[in-house]
Number of protein chains: 2
Amino acid sequence: MSHMLDEIRQQPEIVRTIINTQFKNVEALSSAITARGIRFAYIAARGTSDNVATYAKYLLEIEHSIPTALAAPAVFTIYEAVPNFGPNALVIGISQSGEAPDVIAVVDRARQTGALTVAITNTASSTLAGVAEYALVTPAGVEQSIAATKTYTSALAMIALLSTALTPNQPNRLEHLRRSADLMDRSLRVDDVMQELVARYKDMEGCVVVGRGYNHCTALEIALKLTECCYVAARAFSAADFQHGPMAQLHEGYPVLLVAPDGKAYETMVDLTHKLKDRHPAIIAFAHNCDFLTGTETAIRIPGTVPEWLSPLVYGVAGQLFAYWLAIASDHDPDHPRGLSKLTQTT
Amino acid sequence: MSHMLDEIRQQPEIVRTIINTQFKNVEALSSAITARGIRFAYIAARGTSDNVATYAKYLLEIEHSIPTALAAPAVFTIYEAVPNFGPNALVIGISQSGEAPDVIAVVDRARQTGALTVAITNTASSTLAGVAEYALVTPAGVEQSIAATKTYTSALAMIALLSTALTPNQPNRLEHLRRSADLMDRSLRVDDVMQELVARYKDMEGCVVVGRGYNHCTALEIALKLTECCYVAARAFSAADFQHGPMAQLHEGYPVLLVAPDGKAYETMVDLTHKLKDRHPAIIAFAHNCDFLTGTETAIRIPGTVPEWLSPLVYGVAGQLFAYWLAIASDHDPDHPRGLSKLTQTT
């Protein structure tokens with residue numbers, strides 16, 4: 001078995017471990033966030049970790065009213081500028097290796113301006129963990145596959161856990177997070193059917209992946225996995241951004257992956273399918289609601305629901321399986337995408 | 001002549017008009033930004049305007065030390081949440097029509113939390129101009145082509161002008177902005193050569209467009225124009241993000257557009273070309289430096305230089321011409337991309 005598939009399957013258990021072992025750590029950070037009167041957040045990350053940052057942005061803004069920026073690390077590294085953060089800023093760096101030089105630069109310099117700094121990493125002994133005031137270390141174990149899977153969902157889960165710590169008056173949120181691990185488990189069982197479903201896409205050259213709101217990150221991550229592991233020119237959009245121009249490119253039979261879990265963004269995904277109808281794209285739908293799946297070319301049914309803010313954990317797993325089996329069907333080795341290494345160092 | 005080409009050609013003159021007529025308006029806003037002790041900025045926009053927002057983020061962070069976020073309007077519209085901005089936040093909405101419901105929602109609700117709000121729009125009588133405390137109205141005239149060109153560069157120029165007002169001790173910055181309009185003029189003269197150059201790409205199905213730092217926005221905007229006007233599956237990346245996964249998809253002959261003006265980001269673009277070499281992509285280079293252009297499949301030489309922070313104005317024009325002539329070569333009507341309308345209203 002490839003490392004990637006093995007690591008995909010480890011994910012529910014790792015999420016449970018995070019819930020069971022990391023609450024004290026996120027609680028300490030949560031107290032600092034409250035005590036410091038944080039007014040805005042700023043998150044530096046690259047690749048898969050940047051998709052985690054997108055998740056964190058929606059969660060921090062919607063649930064915790066904290067306006068959140070994604071960093072442009074070039075500002076710090078190429079232009080050697082340091083925005084004036086000050087003590088009311090929360091600056092988070094996300095990097096599985098903890099050795100991404102540009103992410104380290106952002107956190108290190110932000111700390112010097114007085115910001116509350118946090119590392120989210122899978123490597124306790126990393127430089128990133130060392131430069132940040134708080135380190136949240138995901139217990140995912142070493143990731144062997146170059147394409148990140150378990151470090152993606154563990155960083156998502158760590159942020160979800162932080163969110164539960166920030167809302168102590170809503171204890172059911174922690175319970176929902178636990179249930180998400182169970183639904184991840186059940187979603188892994190779509191494996192057999194996925195292996196068959198992907199066959200018709202093995203010559204796919206390009207596609208778009210659309211999600212909205214909390215699952216904007218899921219669309220971005222599925223597109224990245226398809227690009228890395230299957231060499232598909234996949235582009236991700238929010239359902240709104242897609243309509244502001246990119247939709248023009250669609251033509252009959254062009255593959256469009258839609259991520260549409262139950263929740264507040266669901267109706268906007270339904271609206272989008274109406275707008276796409278005339279173009280006759282090949283829709284590959286990830287959803288629980290059978291109405292959404294009906295009439296699509298390929299329906300991937302997620303066997304349950306969780307509150308929308310946790311759905312990226314579940315839909316992310318389904319997307320990983322799609323990319324994994326498509327890579328296998330296309331005769332690519334998903335553990336070793338051409339030209340990539342596990343640690344990409346950009347400045 | 002198509003509206004699009006006509007509007008592309010109007011741009012240098014519109015930028016001069018902005019410099020000559022809008023300084024008082026941006027100066028008033030600049031004083032408010034200073035007086036209010038702005039600690040962070042938050043910008044809402046869609047489509048082409050969102051690429052202007054990316055430009056503004058780099059400029060505000062690098063030159064003015066203001067950490068800047070791009071909005072996720074779904075937070076406000078779908079989730080009905082309002083981040084807690086308060087009086088130290090600068091919230092900017094960018095929309096040529098001024099009627100984008102999601103952009104209006106962000107500005108309107110941010111103003112209710114006490115933020116300093118600004119509209120950048122091409123329509124003085126628009127709803128967006130009405131809800132914001134300050135309105136910067138670009139004098140670009142009505143844009144007839146569905147693909148935005150002159151409203152893109154005029155919004156860029158308005159932000160560049162604001163930047164000069166925020167640095168009154170550096171009067172040469174205003175002079176540099178004036179010189180940029182002249183270089184835009186000279187860059188328009190690549191028209192004839194562009195018309196010939198694009199012919200070989202008329203069956204192009206996909207490509208990537210890479211820029212870095214200040215020209216991340218240029219890469220995004222060229223990719224959007226190629227998608228809208230030429231139905232090419234174009235994806236834009238910063239040179240760093242491209243190396244964190246997406247680069248794996250490249251294969252021999254795959255078109256890669258590189259935006260590489262002189263400046264601090266130039267060397268990272270050179271580094272990228274070294275990393276791409278083994279893949280033998282078809283490089284289409286936009287640059288002034290002949291070293292960069294040498295050995296590329298298609299070299300588009302920009303006939304001069306301006307300080308890097310103003311180069312998006314110039315390289316944006318060259319990118320528009322490339323997309324325009326490619327659309328013509330591919331028998332598409334760039335004024336009327338299929339399925340798009342001038343005013344896209346998403347919520």
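As the structure is a prediction and not an experimental result, all values here were calculated from the model. The sequence lines fix the lettering, A, B, ..., with proteins before strands; numbering per chain opens at 1.
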Once rounded to the nearest 0.5 Å, what's the spacing between atom CD of A:Glu221 and atom CG of A:Asn215?
12.0 Å

To the nearest 0.5 Å, what is the distance between OG on B:Ser330 and CG on B:Asp203?
7.0 Å

Top of [options] for chain A proximity - count of heavy-atom pairs under 4.5 angstrom:
{"options": "B:Ala234, B:Ala41, B:Gly263", "result": "B:Ala234"}
{"options": "B:Asn84, B:Asp50, B:Thr227, B:Leu70", "result": "B:Asn84"}
{"options": "B:His251, B:Arg279, B:Lys225", "result": "B:Arg279"}
{"options": "B:Ser238, B:Ala265, B:Cys207, B:Ala223", "result": "B:Ala265"}
{"options": "B:Leu224, B:Thr54, B:Val82, B:Ile66", "result": "B:Leu224"}
{"options": "B:Met247, B:Glu267, B:Lys57, B:Glu205", "result": "B:Lys57"}

Which region of [X], side chain (C-beta onward) or backbone (N, CA, C, O), has a non-hydrogen atom less than 4.5 Å from a non-hydrogen atom of chain A, or is it both or neither?
{"X": "B:Val208", "result": "neither"}
{"X": "B:Ala81", "result": "side chain"}
{"X": "B:Thr113", "result": "neither"}
{"X": "B:Ile62", "result": "both"}
{"X": "B:Tyr42", "result": "side chain"}
{"X": "B:Glu308", "result": "side chain"}
{"X": "B:Phe40", "result": "side chain"}

Nearest atoms (heavy-atom pairs only) where [X] meets [Y]:
{"X": "B:His64", "Y": "B:Ser163", "result": "NE2-OG, 2.8 Å"}
{"X": "A:Ala115", "Y": "A:Phe85", "result": "CB-CB, 3.9 Å"}
{"X": "A:Pro73", "Y": "A:Asp102", "result": "CB-CB, 3.7 Å"}

Evaluate the ring planes of B:His216 and B:Tyr58, with Trp represented by its six-membered ring, and classify them as parallel (under 30°), tilted (30 to 60°) or perpendicular (over 60°).
perpendicular

Parallel, tilted or perpendicular: ring planes of B:Tyr79 versus A:Tyr214, cut at 30 and 60 degrees
perpendicular

Relative to chain B, which segment of [X] carries a heavy atom at a distance below 4.5 Å: side chain, backbone, both, or neither?
{"X": "A:Leu60", "answer": "neither"}
{"X": "A:Thr77", "answer": "side chain"}
{"X": "A:Ala71", "answer": "backbone"}

Check for a donor-acceptor pair, side chain of B:Glu61 on one end and backbone N or O of B:Thr68 on the other, with a separation under 3.5 Å.
yes

With a 4.5 Å limit on heavy-atom distance, are the side chains of B:Leu116 and B:Val91 in contact?
no

With a 4.5 Å limit on heavy-atom distance, are the side chains of B:Leu272 and B:Gln243 in contact?
yes

Given A:Lys275, A:Lys264, A:Glu63, A:Arg46, the one with more heavy-atom pairs under 4.5 angstrom with chain B than any other is A:Arg46

Flag the one option from A:Gly47, A:Pro337, A:Gly86, A:Ala233 with the top tally of heavy-atom pairs under 4.5 Å to chain B.
A:Ala233

List the steps, then state whether side chain to side chain contact (heavy atoms under 4.5 Å, CB included) holds for A:Asp335 with A:Ile146.
CA-CA 5 Å; A:Asp335 284 349; A:Ile146 287 179; over 6 Å; no

